[in-house]
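Scroll down for the structure; my scribbles are underneath it.
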Protein chains: 2
Amino acid sequence: MSLKPRNLTEQLVETLGLRIVSGDYPVGDRLPSEQYFGEEFDVSRPILREVTKVLMAKGLVESRSRVGTTVRARENWSMLDPDVLRWTIQSLPEQDFIDSLFDTRMVYEPGAAALAARNASEEDLVRIRSAYEAMEEADTTSDLMDPDLEFHQAIVDATQNPFLAHIGRTLYNALKYSIELTSRHPHTHDLSLPRHKAVCDAILKRDSAGAARTMQILLEESRRDFVHVAGIDETDHQ
Amino acid sequence: MSLKPRNLTEQLVETLGLRIVSGDYPVGDRLPSEQYFGEEFDVSRPILREVTKVLMAKGLVESRSRVGTTVRARENWSMLDPDVLRWTIQSLPEQDFIDSLFDTRMVYEPGAAALAARNASEEDLVRIRSAYEAMEEADTTSDLMDPDLEFHQAIVDATQNPFLAHIGRTLYNALKYSIELTSRHPHTHDLSLPRHKAVCDAILKRDSAGAARTMQILLEESRRDFVHVAGIDETDHQ
DNA sequence: CTTACTCATATTGTATGACCAGATGACGCA
DNA sequence: TGCGTCATCTGGTCATACAATATGAGTAAG
């Protein structure tokens with residue numbers, strides 16, 4: 001996934017972005033000059049300049065004319081940028097990432113579900129139900145992932161709010177990438193399907209309070225599934 | 001604010017980004033070639049290429065080799081990117097933007113406040129209280145804005161969650177920019193200060209349920225203040 | 001010895017021109 | 001009409017050059 005660098009610039013963005021997020025170049029420090037990087041990677045300066053511009057666009061660095069390019073403080077990084085997120089996953093301990101991710105989901109997804117119950121169009125409702133039905137038909141936990149994410153995405157899209165929809169899209173992609181990266185699918189609870197159904201039904205009935213409540217329960221359980229997997233993994237290593 | 005294009009690339013990013021977000025180049029359409037833009041703006045190709053890379057990094061366009069650069073679907077845009085947000089504000093009807101923004105805040109800020117009540121460090125608590133005290137000392141509504149935003153920022157930072165902190169930072173900056181752009185400060189309600197105090201106290205007492213509840217009330221009121229201003233403005237124009 | 005100035009250097013900003021390779025679409029041929 | 005060929009367009013990459021200024025070392029003045 002996303003490991004198909006189509007050109008030199010993307011390759012270098014990948015390399016340098018990961019280095020920065022990993023802390024190889026500490027916050028506040030100046031990056032090596034364009035000329036240096038040009039020699040290290042054997043690419044021309046225009047390429048390096050394109051790379052720098054991309055990293056600037058993602059908030060990782062800032063460039064001052066005739067001075068150099070410095071790493072910006074973490075709070076300026078575009079944490080929800082797909083690339084930054086991916087680099088974060090690759091360089092952070094997995095559990096920390098999962099914790100932050102689920103904290104975020106639990107903060108905003110119940111409210112998003114409530115809003116979706118109010119704002120969803122007929123097409124949105126169909127999409128949500130379809131996603132749920134696809135979950136019912138999944139055989140293995142890995143088959144379950146895509147419809148599951150589609151279910152959640154359909155809900156946040158149904159809020160009709162571009163910010164919420166975007167946040168959801170980004171987080172779910174990150175979650176998916178994280179699962180694929182570790183090849184460890186969460187151990188799905190038996191109650192998972194009924195609880196998704198509860199959320200689905202609440203939204204279809206446009207019961208926003210119920211949507212929020214059931215979504216919260218769903219997320220708590222989903223989080224436990226992840227913790228469970230992580231726990232198994234740790235004991236395996238001992 | 002942010003109207004200080006330091007170099008050609010940033011100028012052009014500003015121009016083209018705004019054009020795209022405004023819909024001058026429809027979604028799915030191909031942008032004019034690099035050569036064309038080079039002639040329209042009288043800049044060299046490397047500059048145009050840097051601009052394109054930046055717009056790609058923000059999710060606005062995608063570039064396929066030997067084919068062209070096309071505008072991506074809106075759901076791929078990095079809606080929380082400061083630049084994209086600014087262009088959105090400039091091209092969207094203001095009320096739509098405010099609505100979306102407050103919907104988002106109301107979805108995630110009560111939960112963030114609750115999390116902050118649990119996770120805040122001692123420094124965070126001091127910062128939150130200081131921000132509140134600065135609000136008390138403000139004389140005019142425009143003096144109130146900065147401490148107000150700092151108050152909310154301090155709270156989301158106190159969650160210790162990089163995603164939530166980043167979302168907050170971005171949205172508050174957008175809100176600030178929107179206010180400054182229209183020069184219309186919200187008509188602050190008399191109960192605004194006590195209600196901020198309620199949130200502050202709840203977090204200081206580490207009462208997460210109380211923090212969520214008081215924050216929700218605060219936001220509902222704050223939203224009304226904005227609607228009020230917008231209403232006044234409309235009647236003025238008639 | 002301290003301060004102020006000068007200047008070479010380093011570094012980013014910009015432009016030009018060139019070549020490559022692949023996607024595209026028009027054209028001509030069967 | 002249908003197919004294959006090919007000129008053209010477009011982005012990808014490179015080499016090179018010059019501009020402009022922040023920086024810091026070195027120098028001169030006090």
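Residue numbers start from 1 in every chain, and the chains themselves are labelled A, B, ... in the order their sequence lines are given, proteins ahead of strands. Since the model is a prediction, treat every value here as computed from it, not as a measurement.
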In sequence, state the C-alpha distance, the side-chain angles, and the governing distance for A:Asp103 and A:Arg223, and then conclude on salt bridge (Lys or Arg N to Asp or Glu O under 4.0 Å). CA-CA 9 Å; A:Asp103 275 346; A:Arg223 167 172 234 160; 3.1 Å; yes
Contact string for nucleotides 6-16 of chain C, one letter per nucleotide 5' to 3', B = base within protein heavy-atom range under 4.0 Å, S = sugar-phosphate only, - = neither, reads -----BBBBBB
Tell me the bend of the helix from C:dC1-D:dG30 to C:dA30-D:dT1 as the angle between end helix axes, each from five pairs, rounded to the nearest 10 degrees. 10°
Please report the C-alpha distance between A:Val107 and B:Leu115 in whole Å, then the side-chain angles of each, then the deciding distance to 0.1 Å, and finally whether the side-chain contact (heavy atoms from CB on, under 4.5 Å) criterion is met. CA-CA 8 Å; A:Val107 159; B:Leu115 195 59; 4.2 Å; yes
Kindly state each residue pair satisfying side-chain hydrogen bond (donor to acceptor under 3.5 Å, both in side chains) with at least one member in residues 24-33 of chain B, sequence neighbours excluded. B:Arg19-B:Tyr25
May I ask you to check whether [X] and [Y] show a side-chain donor-acceptor distance below 3.5 Å?
{"X": "A:Tyr132", "Y": "A:Glu150", "result": "no"}
{"X": "B:Asn161", "Y": "A:Thr104", "result": "yes"}
{"X": "A:Gln160", "Y": "A:Asp124", "result": "yes"}

Separation of D:dG12 atom P from B:Leu48 atom CG, nearest Å, is 12 Å
Matching residue for B:Asp157 among B:Arg127, B:His152, B:His166 - test: side-chain hydrogen bond (donor to acceptor under 3.5 Å, both in side chains): B:Arg127
Please lay out, stage by stage, how A:Glu136 and A:His196 fare under the test side-chain contact (heavy atoms from CB on, under 4.5 Å). CA-CA 10 Å; A:Glu136 279 186 333; A:His196 276 79; over 6 Å; no
